[in-house]
Protein chains: 2
Amino acid sequence: MKWDTLDEEPCSLSRTIAVVGDRWTLLILRECFLRVRRFEAFQSSLQITRHLLSERLKKLVRFGILRRVPYSQAPKRYEYILTEKGLDLYPVIMAMVHWGDAHMGDERGRPLLHEHKICGMLFDPVMVCSECGEPLHAKQVHVHAGPGGKKAVGSVAASS
Amino acid sequence: MKWDTLDEEPCSLSRTIAVVGDRWTLLILRECFLRVRRFEAFQSSLQITRHLLSERLKKLVRFGILRRVPYSQAPKRYEYILTEKGLDLYPVIMAMVHWGDAHMGDERGRPLLHEHKICGMLFDPVMVCSECGEPLHAKQVHVHAGPGGKKAVGSVAASS
DNA sequence: TCAAGTTAGTTCCTTTTTCAGACTGACTGT
DNA sequence: ACAGTCAGTCTGAAAAAGGAACTAACTTGA
């Protein structure tokens with residue numbers, strides 16, 4: 001598996017990793033979800049080197065996750081705004097936040113709490129089945145080769 | 001933000017990234033969920049260098065995501081098995097797979113299909129609110145500083 | 001009008017990580 | 001005795017990341 005052709009693998013996880021699976025990308029996206037939009041703001045809140053930030057923003061624009069939108073003509077200045085494709089990464093980030101809350105916490109409690117504006121409650125994100133609505137567990141899922149797949153694979157029962 | 005102290009940041013996303021946010025770890029975990037357990041099997045299916053595989057497995061054991069279990073005494077041989085903490089990463093991987101299916105597909109269709117053994121249907125994973133059960137969207141979530149947080153932050157309305 | 005500040009990068013050099021592949025050691029099966 | 005398996009380790013080269021100064025095009029305030 002080559003790192004620079006990961007987005008051509010017949011595996012949706014590989015393709016996602018090709019986009020968000022490097023050292024800074026998910027942290028940049030967290031800032032986007034916290035409404036950070038400008039180069040200097042990303043740089044100072046993440047302490048990422050300017051060079052790498054520049055590269056990562058270009059990559060996210062290239063993959064259609066951020067849009068580079070001018071907000072000043074002279075001098076030319078741009079801000080970076082999540083597209084629909086970028087907004088759709090919210091579940092990925094929330095899944096990681098939730099795992100961190102559950103398994104990487106310290107004695108001080110969780111760093112952030114999330115309130116659902118729809119119901120007004122503090123909540124945790126839960127991954128459910130689109131068909132029956134039940135929470136998903138690895139051992140209850142069976143994998144089939146799809147049309148874009150290479151070969152059949154067994155059931156995704158986790159090593160127990 | 002330093003890469004090697006990311007797991008001490010007051011941010012659950014950073015802490016999760018400290019564990020699974022490097023070049024190979026999530027791909028190794030995908031193999032674990034596909035019931036791969038042995039060094040040679042990881043190596044040949046991922047084409048990862050043996051050195052890096054060894055490092056990554058050690059790291060996953062150190063963080064309590066895999067257990068190193070002997071299956072042969074002479075010669076000493078071990079296999080790597082997901083712990084509960086590791087199994088709990090399933091939603092992270094499924095969220096990424098689903099995003100890849102939705103946004104990185106090619107003309108051939110999705111590589112894998114998932115069947116929920118509970119209801120028998122092919123499904124997509126959906127992230128919902130633990131309190132009201134509605135699907136989550138970034139713009140409907142408001143963030144508050146929690147006990148382990150540093151400072152208050154605004155609402156997570158995505159840059160629109 | 002002139003110096004200082006802001007913003008969005010680029011350039012250069014050093015350090016760290018990753019890659020590719022050979023090598024080791026303890027066995028097994030024939 | 002000899003090839004093969006398995007789980008790694010070692011080494012040197014290549015790629016990526018880090019740190020910090022520099023550039024370009026303005027704006028602001030004195």
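From a predicted model like this one, the values you see are computed outputs, not experimental measurements.
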| Under 6.0 Å between the ring centres of A:Y71 and A:Y78? | no
| query | Within the structure shown, what part of the strands sits under 4.0 Å from B:F42 by heavy-atom distance: base, sugar-phosphate, or nothing? | reply | nothing
What integer distance in Å separates [X]:[atom1] from [N]:[atom2]?
X	N	atom1	atom2	value
A:L53	D:dA16	CG	P	18 Å
B:R68	D:dA7	CZ	P	10 Å
B:I28	D:dG8	CD1	P	12 Å
A:E40	D:dC26	CD	C1'	14 Å
B:L66	D:dA7	CG	C1'	16 Å
B:Q43	D:dG8	CD	C1'	11 Å
A:F39	D:dA25	CZ	C1'	16 Å
B:H51	D:dA15	NE2	P	18 Å

| What class does the angle between the rings of A:Y80 and A:F42 fall in, given that below 30° is parallel, 30 to 60° is tilted and above 60° is perpendicular? | perpendicular
Check this for me, if you would: do [X] and [Y] make a salt bridge, where the nitrogen-to-carboxylate-oxygen distance has to be below 4.0 angstrom?
X	Y	value
B:E40	B:R50	yes
A:D4	A:K2	no
B:K59	B:D22	yes

| task | Select from A:P75 and A:I48 the residue whose nearest nucleotide in DNA chain D is closer to the 5' end of that strand. | result | A:I48
| Contact nearer the 5' end of DNA chain D, comparing A:Q73 with A:Q47 | A:Q47
| field | A:L66 vs A:I81, side chain to side chain contact (heavy atoms under 4.5 Å, CB included): CA-CA, chis, key distance, verdict | value | CA-CA 5 Å; A:L66 297 177; A:I81 298 187; over 6 Å; no
| task | Kindly say if A:W3 contacts the phosphate of D:dA16, meaning a side-chain N or O under 4.0 Å from OP1 or OP2. | result | no
| Within the structure, does a side-chain N or O atom of B:Y80 lie under 4.0 Å from either OP1 or OP2 of D:dC6? | no
| Would A:L52 end up clustered with B:L6 when hydrophobic side chains under 4.5 Å apart are linked, directly or stepwise? | yes
| said: Ignoring hydrogens and geometry beyond distance, is the side chain of B:R50 in donor-acceptor contact with the base of D:dA7 at under 3.5 Å? | reply: yes
| remark: Whichever of A:E79 and A:M1 has the more 5' nearest nucleotide on DNA chain C, that residue is A:E79
| field | Positional range of nucleotides in DNA chain C within the contact set of chain B, heavy-atom, under 4.0 Å | value | C:dT18 to C:dT28
| query | From the list D:dA16, D:dG19, D:dA17, which nucleotide is the closest neighbour of the side chain of B:K2? | reply | D:dG19
